[in-house]
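On a predicted model such as this, the values are computed, not experimentally measured, just so you know. Proteins get letters first, then strands, A, B, ... in listed order; numbering begins at 1 in each.
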Number of protein chains: 2
Amino acid sequence: MSVQIDALDRKILAALQEDASQSLDEIAKVVGSSKTPVWTRIRKMREAGIIGRQTVLLDAEALGLEACFFVLIRTSEHEADWQQKFLHALQTRPEVLEAHRLAGDIDYILKVRVPNARAYDRFYQALISEVRIHNVTALLSMEEIKSTTLLPIEDGAQENGNAP
Amino acid sequence: MSVQIDALDRKILAALQEDASQSLDEIAKVVGSSKTPVWTRIRKMREAGIIGRQTVLLDAEALGLEACFFVLIRTSEHEADWQQKFLHALQTRPEVLEAHRLAGDIDYILKVRVPNARAYDRFYQALISEVRIHNVTALLSMEEIKSTTLLPIEDGAQENGNAP
DNA sequence: ACGATATATAGGATATTTTCCTGTTTTTGG
DNA sequence: CCAAAAACAGGAAAATATCCTATATATCGT
């Protein structure tokens with residue numbers, strides 16, 4: 001096992017994802033510790049990959065990205081090289097913000113952010129010309145009710161999935 | 001109009017969302033400017049809400065959140081107070097990371113992160129006991145192919161949707 | 001239960017960075 | 001083409017990150 005996360009780590013993670021611009025002293029005060037352990041733990045969790053990218057969330061509309069689509073994809077092809085081409089296409093296109101392979105009759109779901117419906121169509125045409133896809137349904141978002149990167153962190157007693 | 005974003009602003013935004021821990025001097029060098037204009041522009045874009053939360057992206061699996069569902073919801077009710085109750089339920093539940101109101105025959109889509117399938121069922125039971133919902137389809141993610149908060153920022157010439 | 005070793009913690013010193021100020025250059029409008 | 005305004009570059013003081021040292025806490029074998 002790489003790193004075991006304890007209650008203090010979880011408090012630090014919660015504070016960090018809430019506001020990563022806080023100083024170590026502020027975080028230390030919030031989590032009830034001092035800056036050295038907070039700093040050491042952050043460094044270790046960064047190295048372990050528990051803490052990933054430090055970023056800033058931007059207003060998509062202000063950047064002219066006014067349309068958001070969820071795309072449900074069914075395919076008949078499940079060969080290795082088809083899948084590889086498909087994955088590569090998704091990963092290189094910056095308008096694809098999320099892509100998941102699913103269980104069930106729908107094979108993939110994408111979240112795509114584009115300036116407008118025309119830009120979505122361009123994306124769609126480019127995608128289906130690049131890889132063969134059986135069936136596509138696009139769901140257009142009318143309203144972003146909620147959008148957060150804040151993961152729910154259990155700060156209570158540690159509930160462990162498997163007994164020790 | 002609140003703030004007009006120019007090419008330098010876009011470069012700064014791109015640098016920031018790529019790595020928000022960079023110093024002003026580093027960003028200034030990358031975007032080809034000096035720290036004062038970079039700092040002023042960041043401050044203004046923060047105030048204008050173009051730049052939102054500064055955060056850190058965490059590894060959900062490392063935190064024990066191993067299951068991700070996309071939930072497609074159809075409802076027959078479209079009255080104001082039903083909708084308000086529904087929105088409130090979504091916004092207060094931390095396992096709901098995204099919620100969109102859609103155009104078309106599916107009314108809402110949610111993205112839900114939970115420790116496991118049992119936790120999803122608890123969430124689902126709690127939700128349908130709180131608000132009346134006509135039809136629900138849960139899509140289980142088997143693999144997160146891509147997940148990014150990096151919005152595509154056109155750093156070329158400024159393409160404007162409406163003519164001046 | 002006790003002591004020896006390992007580990008975590010608190011607070012302080014230095015290097016870096018943010019924040020703001022001052023003088024200069026560039027752009028804009030008449 | 002000149003005046004007014006805006007943006008810019010670099011520098012100084014305050015705040016912060018990073019690392020060090022000493023102290024406290026926990027762990028393990030006997």
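- Going from atom CD1 of Ile27(A) over to atom CZ of Arg41(A) covers 13.5 Å, rounded to the nearest 0.5 Å.
- Residue contacts for Arg43(A): at a heavy-atom cut-off of 4.0 Å it reaches no nucleic acid atom on any strand shown.
- Among the atoms of the strands shown, only primed sugar atoms or phosphate atoms (P, OP1, OP2) are found under 4.0 Å from some heavy atom of Leu8(B).
- Counting heavy-atom neighbours within 6.0 Å of Gln84(A) CD, excluding the residue itself, gives a total of 12 or less.
- For Ser33(B), a side-chain nitrogen or oxygen approaches OP1 or OP2 of dA9(D) to under 4.0 Å.
- Residue Trp39(B) contributes atom CH2, which lies 18 Å from atom P of dA12(D) at whole-angstrom precision.
- Between Ser23(A) and the phosphate of dA15(D), there is no side-chain N or O to OP1/OP2 separation shorter than 4.0 Å.
- Looking at Arg101(A) and Glu144(B), no side-chain N of the basic residue comes within less than 4.0 Å of a carboxylate O on the acidic one, giving no salt bridge.
- Comparing Thr36(A) and Gln22(A) by the nucleotide of DNA chain D that holds the closest heavy atom to each, the one mapping nearer the 5' end is Gln22(A).
- Salt bridge Arg113(A)/Glu98(A): absent, no basic N to carboxylate O contact under 4.0 Å.
- The NZ-P distance, from Lys29(A) to dA10(C), rounds to 15 Å in whole Å.
- What separates NZ of Lys44(A) from C1' of dC19(D) is a distance of 15 Å, to the nearest Å.
- The side chain of Lys35(A) has dG12(C) as its nearest neighbour among dG12(C), dC19(D), dT9(C).
- Counting to the nearest Å, the P atom of dA9(D) and the CG atom of Asp25(B) are 12 Å from each other.
- Counting only heavy atoms from C-beta on, Arg41(B) has its side chain closest to dC8(D) among dC8(D), dA8(C), dT19(C).
- Note: CD1 (Ile27(A)) to C1' (dA17(D)) measures 11 Å, nearest angstrom.
- In this structure, Asp6(B) places its CG atom 18 Å from P of dT26(C), rounding to the nearest Å.
- Between the side chains of Ser21(A) and Asp19(A), at least one donor N or O sits under 3.5 Å from an acceptor N or O.
- Rounded to whole Å, atom P of dT17(C) lies 12 Å from atom CG of Asp19(B).
- Distance CD1 (Ile42(A)) to C1' (dA8(C)): 16 Å, rounded to an integer number of Å.
- Candidate nucleotides dT19(C), dT18(D), dT18(C) were compared by shortest atom distance to the side chain of Leu24(A), and dT18(D) ranks first.
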